[in-house]
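Okay, structure first, notes after.
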There are 2 protein chains.
Amino acid sequence: MMAKLNEGLSSQVERVASGYGRRATTIRGATSADAATFSPLYLQIKTLITRGLQGGEWKPGEAIPSEGDLAKRFGVSQGTVRKAIDAMAAENLLIRRQGKGTYVATHQEARAQFRFLRLAPDDARDETSESRILECRRIRASAEIARFLRLKAGDSLVAIRRVLSFDGVPTVLDDIWLDGTVFKGLTAERVSAYQGPLYGLFESEFATPMTRAEERIRAVAATPDAARILAVALHAPLLSVERVSMTYADRPVELRRGLYSTHSHFYRNTLG
Amino acid sequence: MMAKLNEGLSSQVERVASGYGRRATTIRGATSADAATFSPLYLQIKTLITRGLQGGEWKPGEAIPSEGDLAKRFGVSQGTVRKAIDAMAAENLLIRRQGKGTYVATHQEARAQFRFLRLAPDDARDETSESRILECRRIRASAEIARFLRLKAGDSLVAIRRVLSFDGVPTVLDDIWLDGTVFKGLTAERVSAYQGPLYGLFESEFATPMTRAEERIRAVAATPDAARILAVALHAPLLSVERVSMTYADRPVELRRGLYSTHSHFYRNTLG
DNA sequence: GAGTGGTCTAGACCACTGA
DNA sequence: CAGTGGTCTAGACCACTCG
């Protein structure tokens, strides 16, 4: 364990004898320019752990080191590590399991399936779901899409069109645009061959787990295209869900426009 | 301060000398049957504080006692009170203000306006909003509405229909059904006279702050009624938002069905 | 039984607010 | 300045998981 101390996330925290038992000031991390970071120790630790996730030191589904180990590694108390992990668990970046350890959140588990797809059937039955890829090609970013993904117009994108069916009924038509640099090598074959949600593919094959997303929802009339694919009447009301998905450090990497048929499903949301 | 110790929330925590410095077991509270509560101390404290909110000991917008005072009152450490308050702050029941105190969340402040109304304008401009009451009467609950509000069919309800306009453009048509017992004495005059969001009225006049809500969103076609009121074409696509709102202890007290025109607005949501 | 996260305490000091 | 929440530490013990 201690042998791991100075590899990868080798950071230690510097202290200044000025008040606190241990007054946190800056971090001596893998990169410099950290000296400008003025924030509580536990947020600095949170940044370090996030950096480990970004760097792939701990992959989705794997356990991170125990609180005690991390405390030794970063030179802080276990309570401070705990507070950093608490914050990350609240953001669904990490998952705590009493008696076992703390794990990196993953999109490849049954419980995680409905974290981003909030469509539920009217009657609370179990239903099968199936994804069919209609299209997957490389294109150049329009100015609008580039803006959402913080790219430049003309940059490389991967464009995917797919249909989600529940119990055999086509219900969701998704148009997806991905940052071409991050998802280099993504082909129709690889997408079609993959079992499970796309976000599982993104995280396991491209080391890019989606951690957060923002959606803009509207009611729109079905276009001829959408009406045909979703087997609804022309101009039938559909839910339009525009989503920008982010990976670690809130970097946007996916833009998605979904059209949901809400005849026998609804979009569920909780207001707190 | 100490004079307040045995009024209202007079609870103290009983301990058993079995392990912990102080092992939490049960609470001797205002009511009995608490002995069956097996949960960590801080959750028991959370329950006690929630009970204080329910009982009106601290009203929305007011400060609750300091962490130290609550710790003395409940006979636990400040850290335990802190953890209870942290949990409640995460649920937006309380709001911490460093240097000032901890306050009961309220719907009567500028920042709280958009906690439950998630409609935003396409261009991020400031807009005026105006609520017009079309109808407010007492009715008997249908079986369906009764189920949502955990009432019996035939129980008394208050039914309100109102239109929300932004910059003078009618955008939201709400049908609202309220538990008639809780909102006894709610009349069209009182509703129309009130300035600000309805949830402000509910909390200040009926001691019923909404703390949480669940929504089911669909795309629907405008009915003749809705089309007329919202000035859209017949069968134009509208967002249908069905909301069940809860007060303390997750008690449902309001059912609302909103029809949103999403021509120049969208429903914003964040996925974590 | 060893290892992990979960709870609880006690005490110190910091950062912010307002009289 | 006193009072409040915010951070940090150290140490103890509990509850859970798994070999």
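Below, chains carry the letters A, B, ... as their sequence lines are ordered, and counting in each starts from 1.
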Listed nucleotide nearest any side-chain atom of B/P40, set C/dT7, C/dA10, D/dT9: C/dT7
Side-chain N,O (A/T80) to OP1/OP2 (D/dT7) below 4.0 Å: no
Between B/T270 and A/E215, a side-chain donor and acceptor under 3.5 Å: no
Rounded distance in Å - NZ (B/K83) to P (D/dG5): 19 Å
Spacing of B/Y42 atom OH relative to C/dT9 atom C1', expressed in whole Å: 16 Å
Whole-Å distance separating the CG atom of A/L41 from the C1' atom of C/dA15: 15 Å
Rounded distance in Å - CG (B/D86) to P (D/dT7): 9 Å
Distance test, side-chain N/O of B/T102 to OP1/OP2 of D/dG5, below 4.0 Å: yes
Whichever of B/G79 and B/K100 has its nearest DNA chain C nucleotide further upstream toward 5': B/G79
Interatomic distance, B/E67 CD vs D/dT7 P [rounded to whole Å]: 11 Å
Straight-line distance of A/I85 CD1 to A/L70 CG, nearest 0.5 Å: 5.5 Å
Minimum-distance nucleotide to B/Q98 side chain [options: C/dC16, D/dC8, C/dT4]: C/dC16
Interatomic distance where CD1 belongs to B/I45 and C1' belongs to C/dT7 [whole Å]: 13 Å
Whichever of A/V81 and B/R96 has its nearest DNA chain D nucleotide further upstream toward 5': B/R96
A/D174 side chain to A/I176 backbone, donor-acceptor under 3.5 Å: no
Side chain A/Q44, main chain A/S39, donor-acceptor under 3.5 Å: yes
Sugar-phosphate only, base, or nothing, as touched by B/R82 at under 4.0 Å among non-hydrogen atoms: base
Protein-nucleotide distance (A/I64, atom CD1; C/dG5, atom C1'), rounded to Å: 11 Å
Pair A/F202 + A/H107: ring centers closer than 6.0 Å: no
Gap between atoms CZ and C1', on A/R97 and C/dG6 respectively (whole Å): 16 Å
